[in-house]
Amino acid sequence: MKYLIKKIGTLIITLLIISLLSFLAFQVIPGDAALSKLGTGATGEKREELRREMGLDRPVLERYGSWLLDFIRGDMGESYTYSIPVSEMIKEKLPVTLAIAVMAFICMLAVSIPLGLLAGKYSGRLPDKILMVLDQLVMSVPGFFMGILITCLFGLVLHWFTPGGYVSYQEGWGPFLGYLIFPALSIALPKCAMGIKLLRSSVIGELGQDYVRTAYSRGNSQRQVLFGHVLKNSLLPVVTFWALAVADIVASSVILEQVFTIPGLGTLLVQSISNRDHPVVQAVIVLVAGLVVVINFFVDVLYGIIDPRVEVH
Amino acid sequence: MEKGFYRYNMVVGGILAGVMTVFMLVGLFYTPYDPETMDPFLKFAHASLAHPFGCDQFGRDIFSRVLQGSGTTFLVAVGTLAIGAGTGTFLGLATGYFGGWPDEAIMRFNDLIVAFPSILLALISISLLGPGKYNVILALGIVFIPSFARIVRSEVIVHKDMDYVKSARLMGVGHMRILFVHILPNIKGTLFSALAIGFNNAVLSEAGMSYLGIGVQPPDASIGRMMSEGQAYIFTAPWSILFPGVVMILMVLGFGLLSDGCGDRDA
Amino acid sequence: MGRKSTVLEVRRLCAGYGKRKKYRQVLFDVDLCLDRGEILGLVGESGCGKSTLSKAILGFVPAKSGQIIHHTSRPQMVFQDPFSSLNPGKKIGWILEEPLRMQKDRLPAGERREKAVTMARRVGLDESFLERYPGDLSGGQRQRVSIAISLIQGSELILADEPVSALDVTIQKQIMELMLGLQEELQLSYLFISHDLDVIYQMCDRVMVMQAGRIVEEGEVERVFGAPEHPYTKELLAASL
Amino acid sequence: MLEIEGLSIGFRDVEPPLEVVRDFSLTMEPGEIVGVVGESGSGKTMTALALMGLLKSRARITSGRMMFEGRDLLTLSRKGWEEVRGKEISMIFQEPMTSLDPLLTIGRQMEESLRLHTDLDRRERKRRVLDMMEQVGLPQPEKLYGCYPHQLSGGMRQRVMIGAALITNTRLMVADEPTTALDVTIQAQILALLKKMNQEHGTAILFISHDLRVIRSICSRVVVMYRGEAVEMGSVEEVLSSPQADHTKQLIAAIPDRENRLRGGKERS
């Protein structure tokens, strides 16, 4: 319980600091918001007026406070480019990116746990060697190229889906998810490779532990040792990797949305960066970072549940 | 058996990484054709002896473009490592060895940074700095600092509590000499391994950013951007995207294997 | 044998680890006095603070209160684990010469080498060992190197923290004999830490028994082993086989 | 009960092939405590692991015979070994800190052999575990049952290991340096416990140690190993009082004892 309270405290502080940093980052941009909105042609007077109107003349912390309150209430400002509320733009895109990320995550777990166990158990033998070579190869493919290859294979050769034929979830969840499975796969594959490698070395390490010998000495079969003792222990270090992978998955989806021309959060972010549409960039960044921090929090809690030693330290 | 496998990794990785490094270095100074010269007659030309990778939609020689792009990639990766690994290693050494509140503060900050996916962080930096080769180096360099600091720090912490460091203290060896002469050589395996991985991450990040159009900008060549342009012609001219992709994979694969070999040698 | 003089004094020493709230005191009012040419044993069970005391004497653990007075320069230490006390990445010769490099009036390289060779011979290792790495040496050989390091700067006080605990009995005996021989030859003083009562009995003149950070009994070895006074000492002696 | 004859263990995958145990023979009667003593690298742990069928895959038994209660252990299939381990022969190890699974409760680990080898239901298993905890001197069994290994001291963990090893009433227990990592007072307690369990349950113990002092205090017979060979064998008194092999003499001479002080002659005022 004490562990949980401590973790929640850390979570809140981390969220605050992240929001503050993101806020400050966009305060130091050369040429402030007023300039961005009006363009370089505007006169000094007009700029001053707009600055006052936007509240840019108040102290930084005060502005941060009101920005944060607005943000929590769902008011994320207005897009410079489209002059519509940022929150609406995000509300429309968020489910798309979330769906990709969740599918990629599940895919990663489903593939890397069994294969990692297998490679660890047969380490040094043929299945392990083949798997490790494939692993290294997959890890060397840039994310977007993986996306292109998958488009090629499943879209153009096998015709399992139409590249560029994205279907919005408003038109139907089935086709929507059916399309998104391919970018999710492209994101998950490199993560799988890494997850397999980590779990493999973790399993190898655990298999050499004394308690494994003890388990054998009591008459456990190989299978019972592997699933009854080794699996749980070797997943511990991998859980930390999963938490980090969440951040990576979200980041990769920014790129893969481009490859598969999907109008998600990533596409929005890239467009806004090109357009220097700062309110949108800021909102997306804060949201994504917040999401990652919250997921990390849950992983930490999960860790505490699996490992009885955590409560003590 | 295990050992042999890793030595094999190391040899293959070493050779591959060596060849690719030479390829990238050549690309910095020399290309067989001018990568920008367009030739309408060579539009989508197939691979041939004269144009080993074929030509793109404007009839430009893909091999020359890949070569030049590799040069840029190399420059970006090395620049990134110089900033990221240099600063990170220094911070890791100092905080790991001396501890105290600076260590505490930097590690907390590090934990925070980890919450931001690195490419996202680089994207923010680019959105603040604007795109371009040097801004990419700066952005990626800064983004890479925490991971290096973390790796070096945890290694230093393991070593500084070993008795041989105490023994050195008793000999009258100063802190700086302990850090750089006694400890640093013992963590070089980990450091090399981290450098190789860092190199790969830099290459992949740069390619990703350039693919999105917010990385290296023309006139600098970039493999990532080439592939973004080639994607539209994937069926009519698959070579325009395949060759750059394969070159990039070989680059990353070589350093990946090398890193594997380095890391497991000490284990 | 000659004039008696003190090389190390510890008065009412309190020390521990951690900061502020997490502070955990390990040593409580420890007094210690070690004479020139004396071997003082320190015995106790794991976690009682034996090692902390030696670390505090050498300054690795800060004292909370009390005094540590050195009457001789540069006390040295021989560590328990012969596998971590030598830098795995350096040759034995390099390690042996390192203390000489640190001296104010630096010796030329040739003389340093000569001194290292002499010292190595003295602890029973021939010249060829200087070209080897610690990983190529057995536990006993490494412990010999550790002893050579501790003596090469001419130190008179050696703290030995379980120096023979990780060794096989036959090797253990060799190292103990080596340490005793050097002690007599060079008039060294040892603070000899061990959990093994029999080893203490064989090696030491005087013994201090430590329990939970406190010295509970102190005296001549024959007296303490023959007629223990403190109940804890009695318990330890009864448990030893 | 146990008959080992001409056992040799070697590594085949190194050049030249390395033999770590050569022509080792030993017989044990039911209820006997036999010691195997030797320095590091003498092959004593290898012998113990061979007896449990737990040799790492690189090490092979190259020749010899191991008969346990009329059964040839070397002909056992993998399945056959699983039936023997934990049911007829059990083992305890040197490091009580790492020999228990850190993520499982004490209770679960102690009942594991019962779960694997008997049809007892959960309640009956728990009853037996609590009973065994009592016997091996673990305080507050009910509370300890749900604890994790990290919450226990080294001595307590070794008691857990012993209890878990004896819970199926095995006929033979192999103890590989079970007290080496413990303090002297705890060592004395664990040795007393082993003796008590030996008497009450009639479990024979093969006691492996590097320390002749420990062997002397608990075993009736002893085998001295040196570089993979049994150089001497006999009752403990015999071997200690009139050693025949050179290595045994060296070992005995090196025992730090209170008869001969190394620190000689120096009179202090």
Side-chain angles (χ1 to χ4, degrees), chain B residues 3 7 89 92-93 95-108 151-152 154-195 261-267, chain C residues 17-20 51 54-55 57-61 70 73-92 94-104 106 116 133-135 142-143 145-155 157-163 166:
Chain B
K3 271 242 162 72
R7 185 160 317 134
T89 305
L93 282 173
T95 55
Y97 187 75
F98 294 107
W101 68 263
D103 177 41
E104 195 61 29
I106 287 179
M107 279 307 119
R108 288 286 142 264
I151 292 168
V152 171
S154 63
E155 278 287 302
V156 169
I157 284 179
V158 169
H159 280 271
K160 86 162 179 185
D161 285 334
M162 301 243 276
D163 285 340
Y164 79 81
V165 171
K166 288 202 192 77
S167 171
R169 286 296 299 152
L170 290 175
M171 293 173 187
V173 184
H175 288 299
M176 283 303 142
R177 189 174 163 86
I178 287 188
L179 205 46
F180 288 100
V181 179
H182 290 248
I183 295 181
L184 192 59
N186 287 332
I187 64 175
K188 62 174 187 273
T190 315
L191 204 56
F192 281 145
S193 170
L195 276 176
C262 284
D264 283 79
R265 197 185 42 189
D266 311 319
Chain C
Y17 301 96
K19 277 180 201 149
R20 280 178 236 113
S51 293
S54 68
K55 284 181 195 154
I57 290 171
L58 294 171
F60 291 128
V61 174
H70 293 285
S73 63
R74 289 199 180 287
Q76 289 292 327
M77 180 137 170
V78 177
F79 298 89
Q80 166 173 15
D81 180 8
F83 290 89
S84 79
S85 62
L86 300 174
N87 191 333
K90 301 277 192 263
K91 285 181 181 166
I92 301 300
W94 190 94
I95 300 174
L96 265 178
E97 285 177 41
E98 183 72 352
L100 302 174
R101 276 184 218 107
M102 294 301 120
Q103 283 174 347
K104 275 211 189 81
R106 278 184 76 157
Y133 286 94
R142 290 183 205 208
Q143 223 47 326
V145 174
S146 283
I147 292 169
I149 294 171
S150 68
L151 294 176
I152 204 159
Q153 282 172 314
S155 304
L157 169 60
I158 310 289
L159 309 184
D161 186 359
E162 306 259 12

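Letters A, B, ... mirror the listed sequences (proteins, then strands); counts begin at 1.
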Highest number of heavy-atom pairs under 4.5 Å with chain B among C/P88, C/G59, C/S146, C/G89 belongs to C/P88
Answer key: most heavy-atom pairs under 4.5 Å with chain C among B/M162, B/H159, B/R177 is B/R177
Cut-off 4.5 Å, heavy atoms of chain B, and the answer for C/I152 is neither
Using a distance-only test with no angle check, is there a side-chain donor-acceptor pair under 3.5 angstrom linking B/Y97 and B/H175? yes
Of B/V165, B/L170, B/V181, the largest count of non-hydrogen pairs under 4.5 angstrom with chain C goes to B/L170
Interface check, chain B: of C/S85, C/S150, C/P75, most non-hydrogen pairs under 4.5 Å belong to C/S85
request  = Using atom types as modelled and distance alone, determine if a side-chain donor or acceptor of C/Q153 lies under 3.5 Å from a backbone N or O of B/M171.
outcome  = yes
Honestly, the part of C/I149 sitting under 4.5 Å from a heavy atom of chain B is side chain
Note: B/V152 and B/G92 closest approach over all heavy atoms is CG1-C, 3.8 Å
Contacts of C/L151 meeting side-chain contact (heavy atoms from CB on, under 4.5 Å) (sequence neighbours excluded), chain-then-number -> C/M119, C/I147, C/I158, C/L182, C/L186, C/L188
Turns out that what part of C/P134 lies under 4.5 Å from chain B's heavy atoms comes down to neither
The ring pair (Phe, Tyr, Trp, His ring centres under 6.0 Å) partners of C/H70 (sequence neighbours excluded) come to none
Residues B/G96 and B/V156: closest non-hydrogen pair is C-CG1, 3.8 Å
